[in-house]
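Working notes, beginning with the structure itself.
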Amino acid sequence: MECCRGLNIEIPKGYKKLVLAGNPNVGKSVFFNALTGMYVDVSNFPGTTVDISHGKYQDYVVLDTPGVYGVSSFNDEERVARDVILYGDVILNVVDALHLERDLFLTLQIIDMGKPVIVALNMMDDVERNGIRIDINKLSELLGVPVIPTVAVKGKGLEEVKENIKNARVGNIDAKIKEYLKEFNNKVEYQSEALMLLEDDETISERLNIKTLGKREEIYRLRREKVDKIVESVIIKEGKGNRIRQKISTLTLNPLTGIPILIMVLYLIFKVIGVWVAGDVVGFTEEKIMAGYYEPFIRQLTAKFFAEESLLYRLLAGEFGILTLTPTYVIGLLTPLVIAFYFFMSLMEDSGYLPRIAALVDRVLSFFGLNGRAIIPIILGFGCITMATITTRLLGTKREKIIATILLGFTIPCSAQLGVIAGMIAPLGTKYILIYSFTIIIVFALTGTILNRILPGESSELFIDLPPMRLPKLTNVLKKTWTKTIMFLKEATPLFALGALIITLLEETDILYKIQDLFKPITESVLRLPKETANAFIMGIIRRDFGAAGLTELSLTPEQTVVALVTITLFVPCIASIIVIFKERSKKEAGLIWLGSFILAFLVGGILAFLIV
């Protein structure tokens with residue numbers, strides 16, 4: 001029997017579908033394991049890489065969904081969660097008690113679907129530690145469903161949840177939403193589908209061949225207002241610790257204090273990543289360990305099997321060798337920089353500071369046709385443009401997605417490239433750091449302003465949830481840092497190896513020198529750089545940081561270094577990013593972005609060279 005659209009799981013006769021739903025990292029897996037024990041299976045949701053765990057508890061088939069902040073269609077996780085929740089019989093909603101402002105949005109959305117719901121108010125120990133008391137009875141009354149306080153990792157409340165599953169009931173549906181739902185009476189089978197149509201879910205609209213009503217923003221606003229009222233009503237007491245966090249939150253949001261705080265945070269990150277890691281740490285890992293010990297060992301080992309003048313030797317252990325250059329750059333250069341970047345990103349995420357940055361910069365980004373939410377892909381872009389381009393899906397309109405994608409591809413250096421840039425420019429002094437920084441900022445501002453003027457349509461308003469400020473757990477931060485670093489290295493290493501292979505083959509066939517001659521009028525006449533700079537541009541297409549690192553091999557004056565770094569920052573994104581841009585945007589849009597980055601890079605680089613070289 002089909003349990004939900006697209007996923008075939010056998011539902012025995014007489015069994016009901018019990019769906020676990022909740023935000024990311026609220027402890028759903030503990031509840032799932034407590035309910036299903038060892039009787040667990042996993043099914044891949046068709047067309048995605050998302051797995052659904054399922055098992056049995058009494059006369060229920062228990063289905064665990066991906067952690068989501070709302071039921072919608074913005075990514076695979078949300079689509080899978082939507083298609084399981086929409087057709088569930090009973091919903092066990094796991095809520096982080098310390099983050100009611102965030103988690104209750106999903107709770108109210110599920111209640112508005114007309115589903116029988118039971119809420120497990122988890123992590124109550126965190127609430128107590130923060131000096132907060134929650135009126136559980138009043139929360140249950142306002143939601144209209146059973147609310148059970150729990151500390152799942154310690155087993156507290158799990159039995160009460162099990163006992164109350166049979167008491168799950170339909171909650172208090174918002175009166176205005178209930179009125180809107182009448183529009184779909186006798187048109188759809190499930191109220192949950194009707195709600196998705198109200199919230200402009202294109203997939204459900206196409207599936208049912210029914211037009212949406214364009215009510216998403218209004219419904220989201222009504223739901224957010226209701227969440228705020230509920231939270232205000234059920235929070236009985238806020239302790240000193242929470243008052244301090246609230247004060248910090250206020251300071252980060254006020255432009256008079258928030259902007260200086262943001263500048264200090266970014267300066268600290270620059271000093272750690274751009275100066276200490278890119279200088280001292282990378283100097284040790286790349287020069288002493290990899291270049292000093294690893295590369296000589298590999299060359300000696302390879303020489304035992306292949307003659308040094310042979311093509312295979314040069315491919316494996318030559319100047320751009322797969323076994324020499326690739327590990328040196330990936331392990332010696334990139335890894336320390338990527339670890340440092342993701343560590344700071346995880347700190348800002350887990351502390352609740354990242355969404356506050358979005359709220360703070362909303363007005364500034366509006367000049368470029370974006371809202372504050374765009375700060376998330378912009379900041380992520382300093383980690384990886386590929387990943388950041390994917391996150392432009394979070395933006396509200398196609399217009400915003402195009403602007404953000406162009407700004408990312410044109411002006412944002414990824415963490416590895418930024419680390420190399422910082423390592424090259426820091427020794428030159430403040431003057432050259434300012435020239436580089438102001439040039440990129442001016443290009444960003446002019447590009448965004450022009451795009452905002454010429455692209456048709458309007459940008460959306462900022463609606464963002466601000467979780468409470470909290471002290472991040474070091475174990476969680478380290479786990480996130482490790483996971484994201486491994487993912488990055490898995491993606492980067494094959495591309496570096498491919499780049500090393502291509503550059504060696506281009507050099508061996510003299511094509512590299514022909515490309516240098518082809519670019520000579522630009523590199524020498526326009527940019528006033530050595531013609532060998534073309535190597536860096538070619539490598540930059542393979543990997544942006546690969547290209548930036550290639551500049552370190554050249555003898556450049558401080559002025560030439562700045563021109564080269566500005567040009568290579570604005571130059572075309574790497575192959576991985578280009579592939580994602582073509583995937584996320586139309587072929588025409590992606591092609592224009594790619595071509596535009598060529599023109600912009602050499603135009604700005606040429607103007608800068610004329611002014612300072």
Side-chain contact, heavy-atom cut-off 4.5 Å: [X] with [Y]?
X: Ile289; Y: Tyr294; value: no
X: Leu365; Y: Asn371; value: no
X: Glu524; Y: Leu529; value: no
X: Leu360; Y: Leu262; value: yes
X: Leu311; Y: Glu508; value: yes
X: Val80; Y: Arg82; value: no

Against [X], only a single residue in [options] fulfils side-chain contact (heavy atoms from CB on, under 4.5 Å); can you say which?
X: Leu608; options: Leu603, Leu527, Val562; value: Val562
X: Val604; options: Thr411, Ile599, Thr569, Val566; value: Val566
X: Leu316; options: Leu323, Thr324, Leu501; value: Leu323
X: Thr447; options: Leu407, Ile442, Leu570; value: Leu407

For the side chain of [X] and the backbone of [Y], is there at least one donor-acceptor N/O pair under 3.5 Å apart?
X: Lys480; Y: Tyr342; result: no
X: Asn23; Y: Val68; result: yes
X: Glu286; Y: Gly283; result: no
X: Asn452; Y: Gly448; result: no
X: Glu589; Y: Ser586; result: yes
X: Ser310; Y: Phe306; result: no
X: Arg314; Y: Gly321; result: no
X: Ser597; Y: Phe571; result: no

Taking all atoms of both residues into account, what is the closest heavy-atom pair of [X] and [Y], and its distance?
X: Phe610; Y: Arg528; result: CD1-NH2, 3.8 Å
X: Gly332; Y: Thr285; result: O-OG1, 2.5 Å
X: Pro530; Y: Leu556; result: CD-CD2, 3.5 Å
X: Leu408; Y: Pro377; result: CD2-O, 3.4 Å
X: Pro558; Y: Tyr432; result: CB-CZ, 3.7 Å
X: Lys401; Y: Thr392; result: CG-O, 3.2 Å

Centres of the Tyr313 and Phe305 rings: under 6.0 Å? no
Is the Phe410 to Phe444 ring centre distance short of 6.0 Å?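 Distance test on ring centres: not under 6.0 Å, no.
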The test is side chain to side chain contact (heavy atoms under 4.5 Å, CB included); show your working for Ile425 and Thr561 and say whether it passes. CA-CA 8 Å; Ile425 205 167; Thr561 300; 5.7 Å; no
Is the shortest side-chain N to carboxylate O distance from Arg299 to Glu295 below 4.0 Å?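 Result for this pair is yes, salt bridge flagged.
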Is Lys431 salt-bridged to Glu559, cutoff N-O under 4.0 Å?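 Between Glu559 and Lys431 there is no salt bridge, as every charged N stays at least 4.0 Å from the carboxylate O atoms.
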Point-to-point distance, once rounded to the nearest 0.5 Å, from [atom1] of [X] to [atom2] of [Y]:
X: Leu451; Y: Arg453; atom1: CG; atom2: CZ; value: 12.0 Å
X: Leu370; Y: Ile378; atom1: CG; atom2: CD1; value: 6.0 Å
X: Ile322; Y: Ile298; atom1: CD1; atom2: CD1; value: 12.5 Å
X: Leu446; Y: Phe368; atom1: CG; atom2: CZ; value: 9.0 Å
X: Leu63; Y: Thr36; atom1: CG; atom2: OG1; value: 11.0 Å
X: Thr439; Y: Ile435; atom1: OG1; atom2: CD1; value: 7.0 Å

Would you call the rings of Phe598 and Phe602 parallel, tilted or perpendicular if under 30° counts as parallel and over 60° as perpendicular?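 Taking Phe602 first and then Phe598, their aromatic rings sit tilted (interplane angle of 30° to 60°).
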Can you list the steps and then say if Ile261 with Tyr353 is a side chain to side chain contact (heavy atoms under 4.5 Å, CB included)? CA-CA 11 Å; Ile261 290 172; Tyr353 184 49; 3.7 Å; yes
Apply side chain to side chain contact (heavy atoms under 4.5 Å, CB included) to Met345 and Leu354, showing your working. CA-CA 8 Å; Met345 276 297 299; Leu354 194 57; 4.1 Å; yes
Determine, step by step, whether Val443 and Leu600 satisfy the side chain to side chain contact (heavy atoms under 4.5 Å, CB included) criterion, reporting the C-alpha distance in whole Å, the side-chain angles of both residues, the deciding distance to 0.1 Å, and the verdict. CA-CA 9 Å; Val443 172; Leu600 182 70; 3.8 Å; yes
